[in-house]
Amino acid sequence: MRRSLVAGNWKMHGSLQGVSALVAGLKGLDGAVGVDVVVIPTLVHLPGVAEALAATSLMVGAQTCAPVAGEKALTGEVSSTQLAEFGCRYVLVGHSERRALLGEDDAVVAKKFAAIQEGGMIPVLCVGETREEREAERTLDVVGGQLKAVIDAVGVAAFAKAVVAYEPVWAIGTGLTATPEQAQEIHAAIRALVREADAGVAEGLQLLYGGSVKAANAAELFGMPDIDGGLVGGASLNAEEFSAICRAAGRG
Ligand code: 13P
């Protein structure tokens, strides 16, 4: 049985004071049954959050990292190796905001995916279609293409230590959530695509849904057979709401 996982992507939100209040509000999730919980603050907040949560079961992740591990002359970047030293366990890669606004293409995404694993952390590969692509019935092409680009670059075996998040772009921050059936359809297709390359890896792969997840829709989404948890944006900035979402994912 795959474990449930819920990750809160704080994006470029939070002040020192706000982040410390949010972290304090999350302590009640320590030891939550049947679900792994990860919070993903900005890079500047990450060390403080990691320290504050060090004695709890909550884990910390990063929203991005450099496309190469180790140290080198690469102004403005932070490597996976450096993140790992701060107790970072997961790193998002391929988020649609970075693909659309910062020009990250499949080649960069694949390099970052490999660099994250080289640093000993788990990449959370984000894939998803825009509204136009869905309306043109290209969802499976787009999502499958984003996934295949990384499988082709790093090999399917690398997905034994990775997570995939399906985040339809039209559902992010819009209040429009994919229905559990719509999300399940794409999750099943993603797993089938991985299964074609390696059945064992496909079976163990955690698939998260992201896009306007909230306490009110979480249980229904997480109840679908191929939805193993969530990647939560806006609702993860509210400790009470995020805690309720995590509890909805607990299966233990
Ligand atoms: P929202 O939950 O705010 O829609 O954001 C989803 C997301 O982009 C998480 O990575």
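Ligands are counted one by one from 1 in listed order, and the atoms in each one are counted from 1 as well. Remember, predicted model here, so these are calculated numbers, not experimental data.
Heavy-atom contacts of L231 reach the following atoms of ligand 1: 9 (C), 10 (O) (cutoff under 4.0 Å). Near N9, meaning under 4.0 Å from any of its heavy atoms, are these atoms of ligand 1: 9 (C), 10 (O). Of all atoms in ligand 1, listed by their number and element, those nearer than 4.0 Å to a heavy atom of I172 are 4 (O), 5 (O), 6 (C), 8 (O). The A171 neighbourhood of ligand 1 comprises atoms 4 (O), with distances under 4.0 Å to a heavy atom of that residue. Less than 4.0 angstrom separates some heavy atom of G173 from each of these atoms of ligand 1: 1 (P), 3 (O), 4 (O).
In terms of modelled atom types and a separation under 3.5 Å, the side chain of S212 and the main chain of T177 share no donor-acceptor contact. Panel note: side chain R247, backbone A32; no donor-acceptor pair is recorded below 3.5 Å.
With a 6.0 Å radius and a threshold of 12 heavy atoms from other residues, nucleotides or ligands, E240 has its CD atom at or below the threshold.
When each of I116, L83, I122 is paired with C88, the side-chain contact (heavy atoms from CB on, under 4.5 Å) condition holds for L83 and for no other. Checking each of I151, L92, V150, I190 against L125 for a side-chain contact (heavy atoms from CB on, under 4.5 Å) leaves exactly one that passes, namely V150.
Checked against a 3.5 angstrom limit, the closest N/O atoms of A235 and ligand 1 fall outside it.
Distances from atom 5 (O) of ligand 1 to the heavy atoms of K11, H95, Q63, E167 put K11 nearest. If you check each of C126, G234, S212 against atom 3 (O) of ligand 1, the one with the closest non-hydrogen atom is G234.
Between Y166 and H187, the angle of the ring planes goes over 60°, which puts this pair in the perpendicular group of the 30/60° scheme.
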Residue pair D228, S4: steps toward the side chain to side chain donor-acceptor pair (under 3.5 Å) verdict:
CA-CA 5 Å; D228 306 309; S4 294; over 6 Å; no
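Annotation: atom 2 (O) of ligand 1 to nearest protein heavy atom, G233 N, 2.9 Å.
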